[in-house]
A.B. asks: 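Below is one structure. I have some questions about it.
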There are 2 protein chains.
Amino acid sequence: MLDLAILGLLQEGDLHGYEIRRRLRDSLGLMANISFGSLYPALARLESAGAVRGIEAGTASPLATGAAMGSLSGELAALRSKRTAIARPKKSKKVYRITDAGRALFTELLAAPATSDDARGFSLRVSFAKYLTPELRVSLLQRRRTQLQDRLSEVCTAAQRNDLDIYARSVVDHTTQGVRQDIAWLDALLDAERERSRPDLTHPNPGGQTMAPVND
Amino acid sequence: MLDLAILGLLQEGDLHGYEIRRRLRDSLGLMANISFGSLYPALARLESAGAVRGIEAGTASPLATGAAMGSLSGELAALRSKRTAIARPKKSKKVYRITDAGRALFTELLAAPATSDDARGFSLRVSFAKYLTPELRVSLLQRRRTQLQDRLSEVCTAAQRNDLDIYARSVVDHTTQGVRQDIAWLDALLDAERERSRPDLTHPNPGGQTMAPVND
DNA sequence: CAATCGTTGTATCGATTCGATACATCTGTT
DNA sequence: AACAGATGTATCGAATCGATACAACGATTG
């Protein structure tokens, strides 16, 4: 799970641990911050497996810092205009770079059958869905949809019980509603996939962004 | 986290492990099934701490089975009318019963400051909110509201970035929307709390269920 | 009847993740 | 210069996960 997230982020540029954590929170939909107690062991794990290489980015190391800066420039520009501080990781410590083996591992993990109905793992895979083939994308979405639908019907039949107090009832209802909206979201994504697989229609570009190719 | 859940469920009747797992999924809003690898160690932990007592419910043990059956009767009636099977845990193994120390521990854990912004832990506490004082209920809800609001503003400012492809963008947007609805849910709960603390108005019982005392 | 399969139920193992904590460096403020 | 706060790496013990094994019972079917 974490390995997939790390490899996916490193595909788009070299990063150090702290920054990986931030991206996991902001760029991906992961609301719960992963802890450093997970992150650093995961990085060590990946490095010993040959999937990433740690590059020492000492105070005076122009080539490595250059690579790290490049992937951060956009964020820096945005933030510098608003606040004074926000120091970039100018001279911190280790910067990690993905290897060819790491890229292969990423592809393998991304297409893996997504064991169990884990919401975090699913969101993560959707975040990296541009690296999947259209077929794998659709099957990923449909698998999740089936899981949620099954869960929903189970919970709904069990939620007819009236022995719940107002608080427990409220939690169950709110959760149920959330699942329904997840399903609606999946339906929208699936519709978009079908739309994208059928390129030519009467209108060359009806909805503007809708027909655009996957933006990288 | 799990300890709190187990103690809360055992407050309403003796249960065995398998049934605790089911209730965690159905009655409480926890969508992700907790694993037995968490549950059984947690039960052992609580038993060695003196918070619960394991009662052997052998094939011929009328008193223990009686207690266990009592808490299951409603569910049984509902299910028996629909399907033929669904064997009740007639002669399984261990049934757990909460102790006085366990009840004290439950109260302590429930009122605890809810470290970190964990969604599962929060939902759990709301499910058991009827055991809290109105003041603690409101502070629990407001604390969570503040957390979500902070997260939301952080993510929103960071989500202005346009370097996300459509999939990552969709995940971020959907997550953001989910957080907004969580906040709206909290607002509704807080409104209900304020309503409940102000019993007398022009209409004695305007909304039917609204003014009813907390249903146990 | 007996073979078989699905459900219920308890239990444990290794690996992953969490939450807390420590510590070092850099930056801005007083 | 002293200090506080953000940035950054790292590790420890405990909680949790996912897989797996095992046993007993009920229902279906040959």
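In what follows, chains are A, B, ... by sequence order, proteins preceding strands, each numbered from 1. These values consider heavy atoms only, across backbone and side chains, with no hydrogens, waters or symmetry-generated copies.
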A.B. asks: Between atom CG in A/D118 and atom C1' in C/dT16, what is the gap in whole Å?
C.D. replies: 12 Å
A.B. asks: Measure CG/B/L39 against C1'/C/dG9 and give the value in whole Å, please.
C.D. replies: 11 Å
A.B. asks: Could you state the atom-to-atom distance from CZ of B/R22 to P of C/dT7 in whole Å?
C.D. replies: 12 Å
A.B. asks: Please report the distance, rounded to the nearest Å, between OH in B/Y18 and C1' in C/dT7.
C.D. replies: 6 Å
A.B. asks: Measure CD/A/E19 against P/D/dA6 and give the value in whole Å, please.
C.D. replies: 17 Å
A.B. asks: Of the options A/D182, A/D150, A/D187, which is the one that meets A/R145 in a salt bridge (charged side-chain N to carboxylate O under 4.0 Å, His left out)?
C.D. replies: A/D187
A.B. asks: Fit a plane to each ring of A/W185 and A/F122, take the angle between them on a 0 to 90° scale, and name the class: parallel (under 30°), tilted (30 to 60°) or perpendicular (over 60°).
C.D. replies: perpendicular
A.B. asks: Within this structure, what is the CG-CZ distance for the pair A/L189 and A/R144, rounded to the nearest 0.5 Å?
C.D. replies: 12.0 Å
A.B. asks: What is the distance, rounded to the nearest whole Å, between atom CD1 of B/I20 and atom P of C/dT8?
C.D. replies: 16 Å
A.B. asks: Please name all residues satisfying ring pair (Phe, Tyr, Trp, His ring centres under 6.0 Å) with B/F106, sequence neighbours left out, ordered by chain then number.
C.D. replies: B/F128, B/Y131
A.B. asks: Measure from CG on A/L15 to C1' on D/dG8 and round the result to the nearest Å.
C.D. replies: 14 Å
A.B. asks: B/E19 pairs by side chain to side chain donor-acceptor pair (under 3.5 Å) with which of B/H16, B/R23, B/R21?
C.D. replies: B/R23
A.B. asks: Using a cut-off of 6.0 Å, state whether more than 12 heavy atoms not belonging to B/R143 lie near its atom CZ.
C.D. replies: yes
A.B. asks: Between the protein and nucleotides 10-16 of chain D, are there any N/O to N/O pairs under 3.5 Å, and if so, what are the atom names and distances?
C.D. replies:
unit_1 : atom_1 : unit_2 : atom_2 : d
D/dT16 : OP1    : B/L2   : N      : 3.4

